[in-house]
Amino acid sequence: MNSYDNIPIENIYYMLCYSWDRLEAKNIVNVSQCGSKNIYDLLSRILVTLLNKLIKKGFYREYKLTYEETQTLKGKINFDDSLKRNSFRNGRAYCSFDEFDRDITHNQIIKATVYNLLRYSELSKENRENLRIIYKYFEGIKDIKLDNRIFLKAKIHKNNKEYDFILQICRLVYDNLLINEKNGEKKFSDFVRDEKAMALLFENFIRNFYKKELSNVKVYRQDIKWDIEGEKDRYLPKMQTDINIDFGNTLAIIDTKYYKNPFRENYGVKKLKSENLYQIYSYIMNIDKSNYDVIKGALLYPLANDELNLKYNISGYDIHILSVDLSKQWMEIHNRLMDIAEKLRE
C-alpha cells in the first residue's frame with residue numbers, strides 16, 4: 001500500500017511548512033484538532049488566522065501614481081487637460097501625484113483568493129463565515145483575475161515580510177483551482193493525489209527538513225557534469241541531485257521518488273525499478289569525489305506497511321533503498337528521517 005492513500009491533513013501542512021521554509025508557521029493553529037476535512041479547508045483556517053493579524057496591524061501600502069481631477073492642487077498639474085476640460089473655471093485641476101495606497105497587487109491577490117475560497121463548496125461553515133467577515137475589509141481593493149504574472153509582481157521585502165507566507169498559501173490555492181468554463185463554478189484539484197505536485201513537495205520537504213534538523217552538515221542540490229572525454233555533448237541529459245548531505249568526509253546523495261509503487265511485479269516477484277537505480281548510480285559515478293573519503297547513494301520512497309531498509313554495494317559504493325511512512329504520526333516521521341540520516345552518516 002502506498003503511504004499517500006491516507007496521509008493526515010496535518011502532515012501535508014507540516015510538509016508544506018518545511019517546503020516553504022516557514023517552520024515557525026507549524027504552530028499557527030493546532031492543525032490536529034481543527035477538524036478540517038481537506039487541505040483547502042485547513043489552508044482557509046490558516047489564512048483566517050494570518051489575515052486577522054494583518055488586519056489588526058494594517059494593510060501594507062505602496063506609493064501609486066494617481067491621475068485625477070481634484071480641488072486640491074498636488075503633485076504635477078496637467079495644464080493642457082485642465083484647460084481643455086474647463087477644470088480651472090470650476091476651481092479644479094488635473095493633477096498627477098503619488099498616493100500611499102493599499103490597493104496594490106499583494107492585497108488584490110489576497111482578496112481574489114478569499115473570494116475563490118468562499119465559492120468552494122466543501123469549506124466548513126466556520127471558515128466560510130470567518131472569510132466572509134474578512135472579505136469586507138477588502139472593500140476598495142480592486143477585483144482582479146489571478147494569473148502567474150500577478151504573483152510575480154508581488155515582491156516581498158523587509159517592509160512587507162508578513163505577506164510572504166500568506167501569498168505562498170494564495171499561490172498554492174490558485175495553482176490547484178479548477179474553474180468550470182460553462183457556469184464559473186470553482187473546485188480544487190485533489191492536491192494529495194496529484195502525483196507530480198506531491199513529488200515536488202516530497203523532495204522539497206525532505207531537503208529542507210535536513211537543512212533545519214541536522215547540525216554541522218551542508219544540505220544542497222548539485223548539478224553533476226558527465227565524466228566524459230573531449231567536448232561536452234549537448235545531447236546528454238542534465239544531472240541534478242535532489243539532496244546532497246555533506247557530513248564532512250562522507251557525502252550522501254539522496255534521490256526522492258514519489259510513486260504509488262516503487263516496485264515492478266512479475267509473476268508475484270517484486271523488483272526495484274531499474275531506472276531509479278541507474279539514476280542514483282550515475283550520480284555516484286560522475287560526481288567529483290576529490291573532497292570525500294566515502295560517497296553513498298540513497299533512494300527514498302514514501303511507503304506504508306512495508307518499510308524499506310535495503311543496502312547494496314555496487315562497484316564499491318553503498319546504495320540504500322529506504323522509505324518513510326507519511327501516514328504515521330508526525331513525530332514518528334521526524335524520528336524516521338533522523339534515523340535515515342544516521343544510517344547515511346555511518
Which atoms form the tightest heavy-atom contact between [X] and [Y], and what is the distance?
X	Y	answer
Y40	L123	O-CD1, 4.4 Å
K111	I141	NZ-O, 2.6 Å
E195	Y258	CG-O, 3.5 Å
L146	I150	CD2-CG2, 4.5 Å
K328	N11	O-ND2, 2.9 Å
Y292	D288	CD1-O, 4.2 Å

Aromatic plane relationship, Y18 with F209 - under 30° parallel, 30 to 60° tilted, over 60° perpendicular: tilted

Do the charged groups of [X] and [Y] touch, with an N to O distance under 4.0 Å?
X	Y	value
K53	E162	no
D339	K343	no
E129	K125	no
K257	E275	no
K211	D21	no

Does [Y] offer a backbone N or O that forms a donor-acceptor pair with the side chain of [X] under 3.5 Å?
X	Y	answer
N78	D81	yes
W226	M239	no
T105	A154	no

Please give the remaining members of the hydrophobic cluster of Y278, linking ILVMFWY side chains under 4.5 Å, ordered by chain and number. none

Between [Y] and [X], is there a side-chain heavy-atom distance shorter than 4.5 Å?
X	Y	answer
Y312	D318	no
Q279	T241	no
I287	N244	yes
L322	N309	yes
L54	I110	yes

Indicate if L43 and L200 have the same hydrophobic cluster label, given that clusters are the connected sets of ILVMFWY residues with side-chain heavy-atom separations under 4.5 angstrom.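 Different clusters.
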
For atom NZ of K289, is the number of surrounding heavy atoms from other residues, nucleotides or ligands below 6.0 Å larger than 12?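 Above 12, so yes.
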
Under 6.0 Å from the OH atom of Y137, do we count more than 12 heavy atoms belonging to anything else shown?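 Open: at most 12 neighbouring heavy atoms sit under 6.0 Å from OH of Y137.
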
Just by distance, no angles: are the side chains of [X] and [Y] close enough, under 3.5 Å, to form a donor-acceptor pair?
X	Y	result
N160	R61	no
K153	Q108	no
D41	N127	yes
R119	N116	no

Salt bridge (Lys or Arg N to Asp or Glu O under 4.0 Å) partners of residues 239-249, not counting sequence neighbours, each pair once: none

For residues [X] and [Y], establish whether the separation of their ring centroids is below 6.0 Å.
X	Y	answer
H157	Y60	yes
F205	W330	yes
F59	F138	yes

Mind running side chain to side chain donor-acceptor pair (under 3.5 Å) on N107 and Y163 for me, showing each step along the way? CA-CA 9 Å; N107 295 325; Y163 276 75; 2.6 Å; yes

